[in-house]
Student: 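Have a look at the structure that comes next, please.
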Amino acid sequence: MKILVPVKRVCDPDNANKVKVSDDGSSVTSDGLEWKPNPFDEYAVEAGLRLNENAPKNEKLGETVVVSFGASDVVQTMRQTLAMGADRGILVQADDAELDSMVVARALKSLVDAEQPDLVLMGKQAVDGDSNAAGQMLAEMLGWPMATFAMNIATDDGGKTLTVGREVDTGVLTLKVTLPAVVTVDLRIVAPDAVSNGVTPADHKYNDGARYASLKGIMQAKKKKIDQKKLGDLGIDTGLTTTYPKFELPPARTGSCEFVETVDELVDKLHNEAKVL
Amino acid sequence: MTDVLVVAELMDGGLRRNTLAAVTLAKQIAEGTGGAFDILSIGEGSKAAADEAAKFGARKVLTAEIAGGYYAEAYSPTVAEVAKGGYGVVTATASTYGKDLLPRVAARLGAANISDIRGASVDGGNVSYVRPMYAGNVFGTVTANTDLAVVSVRQSEFDAATEAGGGSAIEEVSVTSDGAASKVEFVSLESQKSERPDLAEASTVVSGGRALKSGENFKTVLEPLVDAMGAAMGASRAAVDAGYVPGDLQVGQTGKVVAPALYVAVGISGAIQHLAGMKGSKTIVAINKDKEAPIAQVADYFLVADLFQAVPEMAEKVKAVKG
Ligand SMILES: Cc1cc2nc3c(=O)[nH]c(=O)nc-3n(C[C@H](O)[C@H](O)[C@H](O)COP(=O)(O)OP(=O)(O)OC[C@H]3O[C@@H](n4cnc5c(N)ncnc54)[C@H](O)[C@@H]3O)c2cc1C
Ligand SMILES: Nc1ncnc2c1ncn2[C@@H]1O[C@H](COP(=O)(O)O)[C@@H](O)[C@H]1O
C-alpha cells in the first residue's frame, strides 16, 4: 500500500532538560543540542516499512513517503529515514513559529489530497510540543477513520482494513478501520511482533526498536528524491489557532537528595520526617 | 462571559471519576468570567452517568446515548454540534479518551486545540493556559486565537471537583453522525482489573523498572511492598517493553502522569521521559544500587541498595510501622 509518514525534527529528547528559554521568555532555544527525528515518527517509519515489505525476501510491497514541515536543513533528518528504507520525501519549508497542530493538519491534508495514500502513519505526539493532536485533526479533516496510540497493526481483508490494538489507559482497545485511514503509533509498535502484513511470515522475528540504516541504505538515500515546497504554496489557510506569549522553565524541585544506607533509616525518615507512612 | 462544556468520560456505564478534573477547570473559567458550565454525558449508559454528573453544580447535564464501545468517529460530530451552542471552551480530562476525541472535535470546528494543561488563569474575559512541553522541562503559556478553545486537562494538576449540593437539570440531545463512523468497528477492550487504587488517583505509587528483571519478580518482590503501602503500582517503559507488566502501568511523558504524596521508584534510572511523569510527586524515594542514577535529581530520599534485598525487608518494616 502507499503510506505517508509525517516526520518532525525535534531537539534531542534525551537532553530535553537542557533546553532554555530566551531572556524575554518569547521562545524556547535548544542551541547546542542535536536534531533528531521525533522518536514516535521514527517508529512510524519502522511500522510503515514493516507493512510495506516481505522481510525475509527483502522485497518491497508498496511506497513509503516521508513528509516534513520545517527549516530547509530538515532534509538531513529526512535522509535518515530514507536511509532506513523510505522511498522518497516531501519537505514543506516553514518556520516552526508558523506551525501549530491545526496548520500541520491542514498542510498534511493538502498533501494527502495530492498523494492519495492508503494510510497516513504518524507518531502519536511530537516530543517537543507534546500536543498529541495533529493525527486526530487530520483524520477529522479528511473524514477518515483513525486509530491512535497503536501498539500493534495487522492488515486484513487483502489489505482493505487494518486491525489496530490501541494502548489506552484502561488496557488495550482494538479497532478495525477501513482504509484509507490515519494511524498514530505508540512506543510498543516497534516490538518484534507488533506489525503483521500477511506477507512477511508470522514467525519472522524483527529486532526490537526502529531499524538502523545500513551502509547501503545510507548510500541509496543520497539519491532518493526529496521534493521541496513552501508552506505558502499549498493553498491552505495558514492562520495559527494558538499563540504562545510566554515560555518559562519550571521551578526547580526544592530540597536536596538525602542518601540513606539501610531500610530502617529510610522507613524511619518516611515515618517521622516526611510523615508519609 | 465564557460558557464551558465538559465532555464526560464514561466507564462501565457510569461517570469516570477523572472527569472531575475537567469539571474543576470548567468551574474556574465559568466563575472567573461570569459564565456557566454544562456537562455532556455521551456514550453507553449516558443517563446513569448523567445522574452522577448532576451533583457538581453544572447549569445542566446533557445526555447523548451511543451504544457500544467508544471510538472517536462516533462521538465527535455530536460533541461538535453541542459545542456550537454558545460555548467558549470545550474541555475533557487528558486521558487517552480525551486526547483521542478532543482534537477531532477541534478540527471539526476549526477551533484551537490546547492539550494537557496544568493550569489556567482568567483575566477579565480572557483565559490563558499553561501547559508542560519538552517532557515537562518548559511551561508554555498559550491562548486561543479562535472564539472557541478545545482544552484537555492534566488530571494530576487539577483537584477533583466536589459535590455542590442540589442537582443539575438533565436534558437529552440528539446524536449526530457522519460517514467516518461507518468505517470503524469496535472490536474489544481488554482491561486487567486490579484491586489496587487507580494509578492516577493514588496517594502512594510504587513503580518498578528494568532492574526487576521479570514479571514474576514484579509479583513476588515488588507487589508485597506495593500492598504493604496501600499503593498503586507503576512501571518504567523498560519494564513494560520487556513484558513484565501491562502498558497501562507506564508512568512518564507518554504514559500516565502522576503526582502522589509519595512516589517510590524501585530499580528505575530516572530517564527524562520517566521524570516527566512523576516529578510533581510530593515526596520521592529512589531505591537503586547506583548512587549516580539520574533519579537522584528529583529524589528526596535515596536508598543505595540492591532491591532484591531491600524491597522485601522494606515491605515487612512498612507493615510494622503502619500497624
Ligand atoms: C519517545 C520515548 C518515550 C518514552 N517514554 C517513557 C515513559 O513514558 N516512561 C518511562 O519510564 N520511560 C520512557 N521512555 C524510556 C526512557 O528513556 C528509559 O529508557 C526508561 O525509562 C528506562 O527504564 P528503567 O529506568 O526501568 O531502566 P534502566 O534505565 O535500565 O534503569 C535500571 C536502573 O536499575 C538500577 N538497578 C539495576 N539492578 C538493580 C538492583 N538489583 N537493585 C537496585 N537497583 C538496580 C540501575 O542502577 C538503573 O539505574 C521513553 C523513551 C522514548 C524514546
Ligand atoms: N513539523 C512537522 N513535520 C512533520 N510532521 C509533523 C510536524 N508536526 C507534527 N507532525 C506530525 O504530527 C504528529 C503529532 O504531532 P503533535 O500534534 O504536534 O504532537 C507527530 O508525531 C508527527 O507525525
Side-chain angles (χ1 to χ4, degrees), chain A residues 14 16-17 19 21 28 101-102 105 125 127-133 136-137 139-141 143-146 148-149 151 163 167-178 187-188 240-250 253 255 257-261 263 266-267 269 271 274 276-277, chain B residues 71 73 76 95-96 99-100 103-104 106-108 112-116 132-146 179-180 183-192 237 247-248 254 256 261-262 272 279 283 291 296 298-304 310 313-314 317-318 321-322:
Chain A
D14 291 324
N17 58 346
V19 298
V21 166
V28 178
S101 305
M102 182 75 85
Q125 116 189 33
V127 299
D128 48 4
D130 281 336
S131 286
N132 193 332
Q136 296 88 312
M137 296 177 103
E140 182 71 43
M141 288 173 190
W144 286 9
M146 70 179 186
T148 56
F149 319 135
M151 64 178 293
T163 298
E167 206 169 296
V168 298
D169 55 16
T170 50
V172 181
L173 195 161
T174 302
L175 295 178
K176 192 168 180 172
V177 294
T178 303
L187 298 170
R188 257 64 72 179
L240 289 168
T241 53
T242 52
T243 303
Y244 281 84
K246 190 172 87 181
F247 297 96
E248 59 202 317
L249 297 180
R253 263 187 88 83
C257 180
E258 195 175 332
F259 288 94
V260 297
E261 303 291 336
V263 170
L266 178 62
V267 171
K269 295 218 182 255
H271 186 58
V276 285
L277 270 188
Chain B
Y71 48 94
E73 293 80 353
S76 143
S95 59
T96 48
K99 288 177 181 172
D100 186 62
R104 269 199 97 115
R108 202 174 175 91
N113 177 81
I114 297 175
S115 304
D116 208 16
M133 306 167 78
Y134 295 85
N137 289 292
V138 173
F139 289 165
T141 300
V142 55
T143 56
N145 302 343
T146 51
K183 298 174 198 152
V184 194
E185 189 190 314
F186 177 92
V187 178
S188 61
L189 171 61
E190 282 167 50
S191 310
Q192 298 197 3
R237 173 192 178 180
D248 50 17
T254 61
K256 289 193 173 139
L262 175 60
I272 280 180
K279 67 182 174 190
T283 299
K291 244 184 127 144
V298 299
D300 299 290
Y301 302 102
F302 192 128
L303 174 62
V304 190
E313 185 186 339
M314 186 163 167
K317 297 204 160 132
V318 167
V321 170
K322 289 197 136 188

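Values below: every heavy atom of this structure, side chains too, minus hydrogens, waters and symmetry copies. Each chain gets a letter, A, B and so on, in the order its sequence line appears, and its residues count up from 1.
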Student: Under 4.5 Å, counting heavy-atom pairs only, tell me which of B:T146, B:L262, B:D300 racks up the most with chain A.
Tutor: B:D300
Student: Calculate, to the nearest 0.5 Å, the distance between atoms CE and CE belonging to A:M137 and A:M102 respectively.
Tutor: 3.5 Å
Student: Does any backbone or side-chain atom of A:V267 lie under 4.5 Å from a heavy atom of chain B? Answer side chain, backbone, both or neither.
Tutor: side chain
Student: Look at B:V298, B:T143, B:I114, B:N145 and state which one has the largest set of heavy-atom pairs under 4.5 Å with chain A.
Tutor: B:N145
Student: Find the one option among B:R237, B:K291, B:K279 whose heavy-atom pairs under 4.5 Å with chain A are most numerous.
Tutor: B:R237
Student: Please look at A:V19 and chain B and tell me whether the side chain, the backbone, both or neither of the residue comes under 4.5 angstrom of a heavy atom of that chain.
Tutor: side chain
Student: Heavy-atom distances under 4.5 Å only: say whether A:L249 touches chain B with side chain, backbone, both or neither.
Tutor: both
Student: Where on A:A105 is there a heavy atom nearer than 4.5 Å to chain B: the side chain, the backbone, both, or neither?
Tutor: neither
Student: CG of A:L277 to CE of B:M314: how many Å apart, nearest 0.5 Å?
Tutor: 6.5 Å
Student: Which atoms of A:V276 come close to chain B, meaning under 4.5 Å heavy atom to heavy atom: side chain ones, backbone ones, both, or neither?
Tutor: both
Student: Would you kindly say whether A:T148 and B:D100 are connected by a side-chain donor-acceptor distance under 3.5 Å?
Tutor: yes
Student: As an exercise, state the distance from OG of B:S76 to CE of A:M146, rounded to the nearest 0.5 Å.
Tutor: 8.0 Å
Student: Report the option among B:S115, B:A106, B:A261 that has the most heavy-atom pairs separated by less than 4.5 Å from atoms of chain A.
Tutor: B:S115
Student: Measuring heavy-atom distances to chain B, does A:Q125 have an atom under 4.5 Å in its side chain, in its backbone, in both, or in neither?
Tutor: side chain
Student: Checking A:S101 against chain B: side chain, backbone, both or neither under 4.5 Å from a heavy atom?
Tutor: neither
Student: Give, as side chain, backbone, both or neither, the part of A:Y244 having an atom under 4.5 angstrom from any heavy atom of chain B.
Tutor: both
Student: If we only count heavy atoms from C-beta on, is the B:T96 to A:E167 side-chain gap below 4.5 Å?
Tutor: no
Student: Give, as side chain, backbone, both or neither, the part of A:M151 having an atom under 4.5 angstrom from any heavy atom of chain B.
Tutor: neither
Student: For chain A, find which of B:R104, B:R108, B:E185, B:E73 contributes the most heavy-atom pairs closer than 4.5 angstrom.
Tutor: B:R104
